[in-house]
Amino acid sequence: MKICCIGAGYVGGPTMAMIAHKCKDHAVTVVDINQARIDAWNSDDLPVFEPGLDDIVRANRGENLFFSTDIDGAIKEADIIFLSVNTPTKTYGVGAGRAADLRYVEKCARKIAEVAEEGKIVVEKSTLPVRTAESVKRILESNCNGRKFQILSNPEFLAEGTAMQDLEAPDRVLIGGDQTPEGLAAIQKLVDVYAAWVPRERILTTNLWSSELSKLTANAFLAQRISSINAISALCEATGADVDEVAHAIGTDSRIGPKFLKASVGFGGSCFQKDIYNLVYLCEHFGLPDVAAYWNAVIEMNDYQKHRFSRRVLASMFNTVSDKKIAILGFAFKKDTNDTRESAAIYVCGDLLEEQANLAIYDPKVSSEQIHKDLGIDSANPYVTICKDAYEATKDAHAALILTEWDEFKALDYQKIYEQMQLPAFLFDGRNLLDLSQLREIGFEASGIGRG
Ligand code: NAD
Ligand code: UGA
């Protein structure tokens, strides 16, 4: 079969690379309007950093995996077309700040309707509000000239940083489609693609709306767990309980489970916040304000946590950070990715810049251009310096803040760091990565999230 994917981003690139890798019989073409991105996919410097991605792209590119800007050509040839374009929060008009902006998805549907010469299977890979397939179908069928399109929902559950592992051995693959003979046949075609490497019992099939809604619900539940443990972290700090001990104690209950209970400076990433806002908007749209308020609280708690962390830094440092050098260790929203979208670091740095601190920022994978862009400053801004490593960032600093849980921060020589910092030297571990008692033995005024 010929497979086309529109959107060569964090999802389209890795997902299609895995399909091409596992299904040598299918030719997979990933297309995008962004020429620079496609050029990067065709180069040695891929636009997405994911452990294991380079090897898979290198092994399959030019064989049965292609990256191109010829969108029309790829649509014409394809039997199955994945839509993997971005669905950010709308910033204008009705639903601004909450609803998903579906203009990119709609443009793709219109493009397919315009250029496809025969019927196709169109797969929603992007995260979409429930019932989007209805609009996609109407656009495709409004001028169909006898062509028959089948719309499937196949949301992606990969997490950044572990994308290749998640794609190779997913907990489940979810495929929703019309429960008609044609719909079921289309579902079966996509099941057959994944069945090349995913055990059949892990491939779930549902109706369209269940599949679309399951994606938003999964992200809302995951984010809710983080907000729940972060809420408890504030109570731990007030009472002397240790949030890691509490998380471990509750996580051993098999009904609760141990994952996603790591207290932090707040969840980031391109999806949790946008998808919950999307859910909140849908609930309001369907006349369910109490349900909307319930899920909105997950985001409010996350905002509280990010700013609570900054306030704690300020309070510990004698209520002033003005003119003090503060080392920021980590800027990505989690380890093993170069993605900074909605990273907690952006908010913490923003709070500290308002207090006129001097920030020395180091991240192993995020470029200085990206950091300047995220902070809304230009490279000449005297308050922000981008450093080449953690030692440079902490030299003569009054405090060090760990904001991303990069493994290399666990292996730093903290004795050396302490000796080159201003005294008293503060260390705020926003990811509970380090052993606080060891840091305190060195001489640091050290604190973590929910650990006193
Ligand atoms: P992204 O911004 O990295 O990539 C989207 C790509 O689509 C961009 O390169 C953009 O140029 C391209 N595009 C937009 N409109 C286009 C058009 N009309 N024609 C051709 N190309 C077009 O986004 P992403 O992170 O890959 O996310 C894509 C979708 O997957 C979103 O709905 C997101 O919620 C969902 N998702 C993301 C993740 C993740 O970890 N990032 C995980 C699961 C699901
Ligand atoms: C998340 C989901 O985990 C994926 O299943 C989903 O496909 C994806 O969103 C999406 O739809 O985009 P991702 O955002 O890439 O994946 O990464 P996560 O591992 O979920 O981490 C999100 C944020 O939560 C990070 O800032 C992370 O540091 C934080 N986090 C995670 C915690 O603070 N505590 C935890 O216990 C776990």
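Just follow the structure's listing: the first ligand is 1, and inside any ligand the first atom is 1. The structure displayed is predicted, hence computed values, not measured ones.
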Tell me the protein heavy atom at minimum distance from [atom], and give that distance in Å.
atom: atom 18 (P) of ligand 2; value: K334 NZ, 3.6 Å
atom: atom 1 (P) of ligand 1; value: R37 NH1, 3.6 Å
atom: atom 5 (O) of ligand 2; value: F157 O, 2.7 Å
atom: atom 28 (O) of ligand 2; value: R431 NH1, 2.6 Å
atom: atom 36 (N) of ligand 1; value: V11 CG2, 3.5 Å
atom: atom 25 (C) of ligand 2; value: F333 O, 3.5 Å
atom: atom 43 (C) of ligand 1; value: E156 O, 3.2 Å
atom: atom 35 (C) of ligand 1; value: T127 OG1, 3.5 Å
atom: atom 28 (C) of ligand 1; value: V85 O, 3.4 Å
atom: atom 41 (N) of ligand 1; value: E160 OE2, 2.8 Å
atom: atom 18 (N) of ligand 1; value: C108 SG, 3.8 Å
atom: atom 24 (P) of ligand 1; value: Y10 N, 3.9 Å

Using a plain distance cutoff, I'd like to know if [X] has any nitrogen or oxygen under 3.5 Å from a nitrogen or oxygen of ligand 2.
X: T127; answer: no
X: I226; answer: no
X: F267; answer: no
X: S270; answer: no
X: G268; answer: yes

(request) Tell me which part of S126 gets within contact of ligand 1: side chain, backbone, both or neither, using heavy atoms under 4.0 Å. (result) both

(request) Of the side chain and backbone of R341, name the one, both, or neither that has a heavy atom under 4.0 Å from an atom of ligand 1. (result) side chain

(request) Output, in order, the C-alpha distance, side-chain angles, deciding distance and verdict of salt bridge (charged side-chain N to carboxylate O under 4.0 Å, His left out) for R308 and E237. (result) CA-CA 11 Å; R308 190 173 82 77; E237 283 164 31; 2.5 Å; yes

Atoms in ligand 2 with a heavy atom of [X] nearer than 4.0 Å:
X: C271; result: 10 (C), 11 (O), 12 (O)
X: E156; result: 7 (O)
X: S264; result: 32 (C), 33 (O)
X: K215; result: 6 (C), 7 (O), 10 (C), 11 (O)

Taking atom types as modelled, is there a side-chain donor on [X] or [Y] under 3.5 Å from an acceptor on the other?
X: Q305; Y: Y347; result: no
X: N296; Y: Y277; result: no
X: Y10; Y: E156; result: no
X: H307; Y: D351; result: yes
X: D435; Y: Y414; result: no
X: T87; Y: K274; result: yes

(message) Suppose I only count heavy atoms of K215 and a 4.0 Å limit; which atoms of ligand 1 are within that range?
(response) 43 (C)

(request) Under 4.0 Å from a heavy atom of S84: give me the atoms of ligand 1 that qualify, with their elements. (result) 5 (C), 28 (C)

(message) Ring centres under 6.0 Å, that's the criterion: do W295 and F221 meet it?
(response) yes

Of the listed options [options], closest to [atom] (non-hydrogen atoms):
atom: atom 1 (C) of ligand 2; options: Y10, F260, F272; result: F272
atom: atom 9 (O) of ligand 1; options: D32, T69, L216, I6; result: D32
atom: atom 35 (C) of ligand 2; options: K262, R225, E342; result: K262
atom: atom 31 (C) of ligand 1; options: L128, T87, D166; result: T87

(request) Report yes or no: is the cationic atom of R341 (NZ for Lys, CZ for Arg) closer than 6.0 Å to the six-membered ring centre of F333, at no more than 45° off its axis? (result) no

(request) With K125 as the cation and F82 as the aromatic partner, state whether NZ or CZ is under 6.0 Å from the six-membered ring centre and within 45° of the axis. (result) no

(request) Decide whether the shortest distance between a heavy atom of K335 and an atom of ligand 2 is less than 4.0 Å. (result) no

(request) Check whether any heavy atom of K259 sits under 4.0 Å from an atom of ligand 2. (result) no

(request) State plainly whether the residues K335 and D407 are in salt-bridge range, i.e. N to O under 4.0 Å. (result) yes

(message) Could you check whether any heavy atom of K111 sits closer than 4.0 Å to an atom of ligand 1, since that is the contact criterion I want to use?
(response) no

(request) Apply the test side chain to side chain donor-acceptor pair (under 3.5 Å) to residues N230 and S227: give CA-CA distance (whole Å), side-chain angles for both, the deciding distance (0.1 Å), then the verdict. (result) CA-CA 5 Å; N230 280 343; S227 276; 5.6 Å; no

